[in-house]
Amino acid sequence: MSVCARPDQWHKNYPIAKGRHQSPIEINNKEVHYDRSLLPWFASYDPCAAKTILNNGKTCRVVFDDSFDRSVLRGGPLPGVYRLRQLHFHWGSSDDHGSEHVVNGVRYAGELHLLHWNPKYSNYLDAVRRTDGIAVLAIFLQVGKTPKPEMKRILEEINAIKTKGKEAPFPNFDPSVLFPKSHDYWTYHGSFTTPPCEECITWIVLREPIIVSSDQMAKLRSLSKNAENEPDLPLVDNWRPTQPRYFRMVFV
Ligand SMILES: NS(=O)(=O)c1ccc(NCc2ccco2)cc1
Ligand SMILES: [Zn+2]
């Protein structure tokens, strides 16, 4: 495996991976702080901003037009609007694990991340270098009998992006159809969960998971991390283990 492949080796190329604001973390109800000044969050997404779906060898990602304030997240812990840039997933090799954040010891089968950046900075890569540059809305995927029908749209495209580097058009999609009923959330300051592990993320982790079927999780696991003409390597277990919380409060 290349030196960057294993999370415990990342710090060799990205020293910040051993920082004090790394993600994901364990969220334990007995340690969270209630902050009544926190507002509800709101997403207003333009379905026409959705562009393509791709397999980058590490995850399945849907990319949106973020050339202006077209699809935005605001409220909650955020100081202003943040532009939706992409969404992607993390999942395991079986239904009993795969999420990045862990809640009171509970691991979910997967986790959906919607990544937004702060347009007060000139572009995404500039925002990535700022502590208030990025906001990620995280939604747990729980395996159950009555899956959310809106997940089907994404999973139907999986066959078109089986191998690394494959991309397909993904028009007319409003990701807020994937949200659970409750908007209750935890929030804390953390990092990217993959290199470069920059500590630029305001995390908004939804308490209520969305239900997916075991077949839908198997569909995600049918993706490959290799390119088309290479030996098959299943794309599974693309989650980072939880990192030390140090003294970061997690707010409700
Ligand atoms: N799982 S996540 O939401 O923390 C996440 C999201 C996006 C990246 N992208 C990698 C990157 C960082 C700077 C430029 O490109 C890495 C990790
Ligand atoms: Zn992620």
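Positions are given from 1 along the sequence. Each ligand, and each atom within it, is numbered from 1 in the order the structure gives.
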Output yes when the distance from some N or O of ligand 1 to some N or O of Trp203 is under 3.5 Å, and no in every other case.
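No, no N or O pair falls under 3.5 Å.
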
Nearest-neighbour protein heavy atom for [atom], which is reported as residue plus atom name and distance:
| atom | value |
| --- | --- |
| atom 16 (C) of ligand 1 | Thr194 OG1, 3.1 Å |
| atom 3 (O) of ligand 1 | His88 CE1, 3.2 Å |
| atom 15 (O) of ligand 1 | Tyr124 OH, 3.8 Å |
| atom 1 (N) of ligand 1 | Thr193 OG1, 2.8 Å |

With heavy-atom distances below 4.0 Å as the criterion, list the atoms of ligand 1 near [X].
| X | value |
| --- | --- |
| His90 | 1 (N) |
| Leu115 | 6 (C), 7 (C) |
| Gln86 | 7 (C) |

Using the benzene-type ring in the case of Trp, are the ring centres of Trp203 and His101 under 6.0 Å apart?
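When the ring centroids of Trp203 and His101 are compared, they turn out to be within the sub-6.0 Å range.
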
Cation over ring face, Arg153 and Phe170, 6.0 Å, 45°
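Yes.
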
Trp239 contact mode with ligand 1 (heavy-atom cut-off under 4.0 Å)
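Neither part.
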
Backbone, side chain, both or neither: what part of Pro196 comes under 4.0 angstrom of ligand 1, heavy atoms only?
side chain

Is the ring pair Phe179/Tyr45 parallel, tilted or perpendicular, if the boundaries are 30 and 60 degrees?
perpendicular

Can you label the angle between the Trp41 ring and the His183 ring as parallel, tilted or perpendicular, going by 30° and 60°?
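Rings of Trp41 and His183: parallel, as their planes differ by under 30°.
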
Would you check if the side chain of Asn55 reaches a backbone N or O of Cys60 as a donor-acceptor pair within less than 3.5 Å?
no

Is the backbone N or O of Phe251 less than 3.5 Å from a side-chain atom of Asp35, with the two atoms forming a donor-acceptor pair by type?
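No: the side chain of Asp35 does not pair with the backbone of Phe251.
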
Heteroatom of His113 nearest to the Zn ion (ligand 2) (N, O or S, atom name):
ND1

Ser23 and Tyr188: side-chain donor and acceptor closer than 3.5 Å?
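Yes, because at least one side-chain N or O of Ser23 sits under 3.5 Å from a partner of the opposite role on Tyr188.
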
Decide whether Glu111 and His90 meet the rule of one side-chain donor and one side-chain acceptor closer than 3.5 Å.
no

Could you pull out, from Phe89, Trp117, Phe192, the option with a heavy atom nearest to atom 5 (C) of ligand 1?
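Nearest option to atom 5 (C) of ligand 1, by heavy atoms: Phe192.
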
